[in-house]
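Fair warning: this is a prediction, and the values are worked out from it, not measured in the lab. Note that the numbering runs from 1 along the sequence shown for the chain.
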Amino acid sequence: MKLNLYVLTPKRIIWDCEVKEIILSTNSGQIGVLPNHAPINTAVDMGPLRIRLLNDQWLTAVLWSGFARIVNNEIIILGNDAELGSDIDPQEAQQALEIAEANLSRAEGTKELVEAKLALRRARIRVEAVNWIPPSN
């Protein structure tokens with residue numbers, strides 16, 4: 001059995017194909033979705049989207065929040081923004097993480113602290129996406 005996965009942002013279609021399974025970050029934790037999953041509508045949290053292709057290869061994307069609908073072996077994810085893991089430069093992601101950590105340590109005031117924590121969270125997610133090692137079959 002297969003799942004039809006559609007990942008859309010306001011700027012572009014990130015994904016549109018059949019897959020075996022996904023692992024999705026939601027506001028209540030990560031969920032795995034296999035064929036014949038119970039119908040669900042859920043908020044999508046910032047985090048990785050793991051995609052298992054029909055050939056059993058795993059790919060990673062990063063979602064920057066949104067909404068997902070799973071019904072009848074169809075997954076539609078409407079994201080605020082997204083990046084494919086293959087589009088993320090590992091060195092740039094690591095540099096951004098180091099900068100975000102430094103900025104957090106220098107943050108003053110509530111606004112700066114909130115912005116610095118958000119930037120650090122985004123940087124950690126991007127590094128996690130490029131460093132993820134898929135499970136062996």
Side-chain angles (χ1 to χ4, degrees):
M1 296 221 64
K2 302 174 228 172
L3 297 163
N4 294 313
L5 175 63
Y6 306 96
V7 181
L8 311 148
T9 70
K11 295 179 185 174
R12 65 184 177 141
I13 297 171
I14 301 294
W15 204 263
D16 176 3
C17 80
E18 293 179 333
V19 300
K20 278 191 175 179
E21 90 182 86
I22 69 163
I23 301 170
L24 176 67
S25 297
T26 71
N27 288 352
S28 57
Q30 290 189 334
I31 61 169
V33 180
L34 295 167
N36 299 319
H37 193 283
I40 185 173
N41 294 319
T42 185
V44 174
D45 197 6
M46 288 193 305
L49 169 65
R50 314 283 188 215
I51 303 165
R52 184 175 176 197
L53 303 176
L54 297 179
N55 66 3
D56 288 324
Q57 178 185 0
W58 285 89
L59 298 178
T60 301
V62 176
L63 298 174
W64 302 119
S65 71
F67 184 79
R69 179 175 186 259
I70 302 162
V71 65
N72 295 328
N73 292 325
E74 182 176 80
I75 305 165
I76 300 172
I77 300 172
L78 304 175
N80 294 330
D81 200 3
E83 291 179 86
L84 292 174
S86 58
D87 292 342
I88 299 172
D89 179 313
Q91 290 178 322
E92 185 274 328
Q94 186 62 43
Q95 253 182 339
L97 176 60
E98 292 166 7
I99 291 168
E101 288 170 341
N103 288 342
L104 179 60
S105 67
R106 290 192 301 265
E108 295 179 10
T110 304
K111 183 179 182 219
E112 267 188 40
L113 191 59
V114 168
E115 289 172 350
K117 284 181 179 180
L118 180 60
L120 180 60
R121 185 171 177 212
R122 289 178 68 101
R124 283 183 176 152
I125 290 167
R126 293 180 83 234
V127 168
E128 177 188 345
V130 296
N131 291 330
W132 184 67
I133 300 171
S136 58
N137 295 339

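Both L59 and V19 sit in one connected hydrophobic cluster of ILVMFWY residues. Membership requires side-chain heavy atoms under 4.5 Å apart, directly or through other members.
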Using a 3.5 Å cut-off and no angle test, enumerate the donor-acceptor pairs between side-chain atoms of residues 64-74 and protein atoms at least two apart in sequence or in another chain.
{"residue": "S65", "atom": "OG", "partner": "N80", "partner atom": "ND2", "Å": "2.6"}
{"residue": "N73", "atom": "OD1", "partner": "N36", "partner atom": "N", "Å": "2.5"}
{"residue": "N73", "atom": "ND2", "partner": "N36", "partner atom": "OD1", "Å": "3.4"}

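Legend: side chain to side chain donor-acceptor pair (under 3.5 Å) pairs involving residues 125-135, not counting sequence neighbours, sorted by first then second residue: R50-E128, E83-R126, E92-R126.
Distance check, rounded to the nearest 0.5 Å: CD1 of I40 to CD1 of I31 gives 4.5 Å. Atoms CG and CG, on L104 and L113 in that order, are 6.0 Å from each other to the nearest 0.5 Å. Annotation: the span from H37 atom NE2 to I22 atom CD1 amounts to 8.5 Å, rounded to 0.5 Å. For the atom pair I75 CD1 and N4 CG, the distance stands at 8.5 Å (nearest 0.5 Å). Rounding to the nearest 0.5 Å places CD of Q91 at 10.0 Å from CD of Q94. A distance of 9.0 Å separates CD1 of I23 from CG of L49, quoted to the nearest 0.5 Å.
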Exercise for the section: Would you check, one step at a time, whether the test side-chain contact (heavy atoms from CB on, under 4.5 Å) holds for I88 with V62? Expected result: CA-CA 9 Å; I88 299 172; V62 176; 3.8 Å; yes

* Give the intermediate values and the outcome of side-chain contact (heavy atoms from CB on, under 4.5 Å) for residues V33 and L3. => CA-CA 9 Å; V33 180; L3 297 163; 4.2 Å; yes

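Nearest heavy atoms, P48 versus T60: CB-CG2, 4.3 Å. Considering every non-hydrogen atom in both A100 and A123, the closest pair reads CB-CB, 4.2 Å. When all heavy atoms of V130 and G85 are compared, the closest pair comes out as CG1-O, 3.9 Å. Nearest approach of A82 to I14, heavy atoms of both residues: CB-CG1, 3.8 Å. Taking every heavy atom of both residues into account, E18 and L54 meet most closely at O-CG, 3.8 Å.
With a 4.5 Å cut-off on side-chain heavy atoms, I77 and L63 count as touching. Taking 4.5 Å as the limit, every side-chain heavy atom of V7 sits out of range of all side-chain heavy atoms of I13. K2 has its side chain out of reach of K20: every pair of non-hydrogen atoms, C-beta onward, lies at least 4.5 Å apart. Looking at W15 and I51, their side chains come closer than 4.5 Å, going by heavy atoms from C-beta outward. Taking the side chain as every heavy atom from C-beta outward, L120 and L97 approach each other to under 4.5 Å.
Salt bridge status for R121 with D45: present, with a side-chain N to carboxylate O gap under 4.0 Å.
E112 places a side-chain N or O within 3.5 Å of a backbone atom of E108 that can act as its donor or acceptor partner.
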